[in-house]
Amino acid sequence: MSHGSWHVEDALLGAYARGDVDVADAYSVEAHVVGCATCQAAVATLVTPARLEATWLEVVDTLDAPKPRFAEALLARIGVAPHVARLLAATPSLTVSWLGAVAIALAVAVAGAHQGERGLAVFLCVAALAPVAGVAATFARGIDPTHELSLAAPMSSVRLLLLRTVAVVSATLVLTVVAAIALPGLSWTAAAWLLPALGLTLTSLALSTYIPHTTAFGTVAGLWLAATIASAARPDDALAVFDGAAQLGFAAVIAAAGLVLLQRRETLDGWSAR
Amino acid sequence: VRTTTTTAAASDEALLHAVADGDRAALRALYERHAPWLTLRLQRRCADPDTVDDAVQDTFVAVWRSAARYDGQGAVGAWIWGIGVRRLIDAIRRRPQREFGAYERTPDDEPSAEEQVLLNVEHGDLGGALNRLSPELRAVVQATVLDGLTTREAGRLLGIPAGTVKTRMLRARIQLREELA
């Protein structure tokens with residue numbers, strides 16, 4: 001934008017930089033400088049180079065900083081402390097790909113549930129296993145990219161374990177609730193996976209205070225699969241492992257596993273190192 | 001840095017194209033041209049230098065990320081200003097505890113009679129009329145007419161409801177019209 005050879009006088013420009021001009025002059029300077037390369041160059045001498053250089057370095061730093069992952073940005077947005085958000089976001093089972101896999105598994109199971117009671121049993125079985133698998137993957141040595149980091153983190157591994165477990169279980173529960181709403185004929189069965197899911201997760205954790213965690217999670221998942229398959233194979237009642245008595249049983253299991261965990265939480269320290 | 005000789009002569013538009021293609025040296029050249037006046041202009045609207053520097057920083061980060069969205073309408077400087085003044089609003093909102101009433105900052109002394117005459121020659125009496133507006137009205141005129149903010153953005157920047165911006169703008173318009181009639 002050229003306006004012939006008119007330029008802001010140096011004296012006026014200097015006064016403007018000091019804040020010593022009235023409103024009308026300031027407007028006129030600003031309206032001209034925004035489009036005049038010559039006056040822009042003149043202004044450049046009026047700002048301390050050190051200040052401009054410091055701001056430039058901040059710009060470069062911001063551009064070079066790694067972009068926070070989806071989960072980390074989300075956690076930071078809801079007010080989680082940055083260092084906790086980073087540790088949580090590095091949880092293998094909190095990535096988009098893992099949650100996507102869970103969502104697909106649940107979607108297939110929902111489709112199956114539309115085929116009848118056995119299909120529903122499959123859905124409930126998968127839904128109850130999803131958080132168990134998520135928590136297991138969280139601490140599997142080969143999968144966790146922050147395995148070594150978390151060993152050295154200034155945070156007890158029990159606390160990290162609990163944080164991650166809560167995060168993984170809540171993320172999975174959200175997905176499962178959404179899937180359950182898509183079930184045919186909403187009834188109590190839509191929520192029948194909830195207590196088993198918590199029971200299995202806590203039992204696996206409690207068991208891993210005694211035996212290596214891969215074995216613990218594998219054993220619990222295997223028993224669960226065997227029980228649901230055996231139940232579904234019976235001709236009369238495919239949902240036996242989810243009925244009222246079983247739900248009470250799972251409530252008891254949750255309480256017992258919780259107590260064991262509370263008693264033996266010390267053994268979980270440095271647990272993922274095993 | 002690596003293409004100093006070519007960037008020195010390039011037009012703002014060409015530099016912005018290069019920035020869209022990921023040329024860091026072109027961003028640096030744009031920064032050298034536009035950061036100084038942007039800093040001064042924002043400084044007139046916010047007394048806290050840290051907040052201003054934050055806004056300038058955010059502006060050039062935004063220029064880097066959205067250079068491809070520049071549509072060629074209007075000068076690059078005006079485009080950068082549009083980003084900058086909005087980043088300043090965000091920066092001020094991030095530091096609500098700070099005092100920032102600088103949008104209302106008024107020149108300490110009235111222009112001398114001599115200056116007044118010169119102003120009248122240059123701008124008709126517009127300059128004088130603007131200067132005689134109350135600080136509240138002048139801040140609204142500055143935010144909406146001269147800085148190009150929407151009523152809502154101006155309200156957020158000045159810490160007043162959007163409705164108040166509208167009524168003050170109306171009053172300013174009436175006063176200016178009367179003085180220039």
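These numbers come from the heavy atoms of this one structure, side chains and all, not from hydrogens, waters or symmetry mates. Proteins come first, then strands; the chains are lettered A, B, ... in the order of their sequence lines, and each starts at number 1. Computed from a predicted structure; not experimentally measured.
- When all heavy atoms of B:R41 and A:Y16 are compared, the pair lying nearest together is CA-OH, 3.4 Å.
- From A:Q40, atom CD reaches atom CZ of B:R33 across 8.0 Å, with rounding to the nearest 0.5 Å.
- The contact between B:L27 and chain A is made by backbone and side chain atoms together, counting heavy-atom distances below 4.5 Å.
- Taking each heavy atom of B:P36 and A:A44 in turn, the nearest pair found is CB-CA, 3.5 Å.
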Would A:E58 and B:F60 satisfy side chain to side chain contact (heavy atoms under 4.5 Å, CB included), going step by step from the backbone distance to the final call? CA-CA 10 Å; A:E58 296 281 340; B:F60 283 89; over 6 Å; no
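- Interface residue A:A17: backbone and side-chain heavy atoms are both found under 4.5 Å from chain B.
- The backbone N or O of A:L52 lies less than 3.5 Å from a partner atom in the side chain of B:Y31, making a donor-acceptor pair.
- Taking 4.5 Å as the limit, some side-chain heavy atom of A:R51 sits within range of a side-chain heavy atom of B:V52.
- At a 4.5 Å heavy-atom cutoff, the contact between B:W37 and chain A is made by backbone and side-chain atoms alike.
- Put simply, CG on A:D22 and CG on B:L130 are 9.0 Å apart, with the number rounded to the nearest 0.5 Å.
- Looking only at side-chain heavy atoms (C-beta outward), B:W81 and A:E30 stay at 4.5 Å or farther from each other.
- A:V47 touches chain B through its side chain: at least one heavy atom from C-beta onward sits under 4.5 Å away, while N, CA, C and O do not.
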Stepwise side chain to side chain contact (heavy atoms under 4.5 Å, CB included) check, B:R44 with A:V21: CA-CA 10 Å; B:R44 271 188 75 84; A:V21 288; 3.6 Å; yes
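- Using modelled atom types, no side-chain atom of B:D53 and backbone atom of A:T55 make a donor-acceptor pair closer than 3.5 Å.
- When all heavy atoms are compared, the tightest approach of B:R24 to A:W56 is O-CH2, 4.3 Å.
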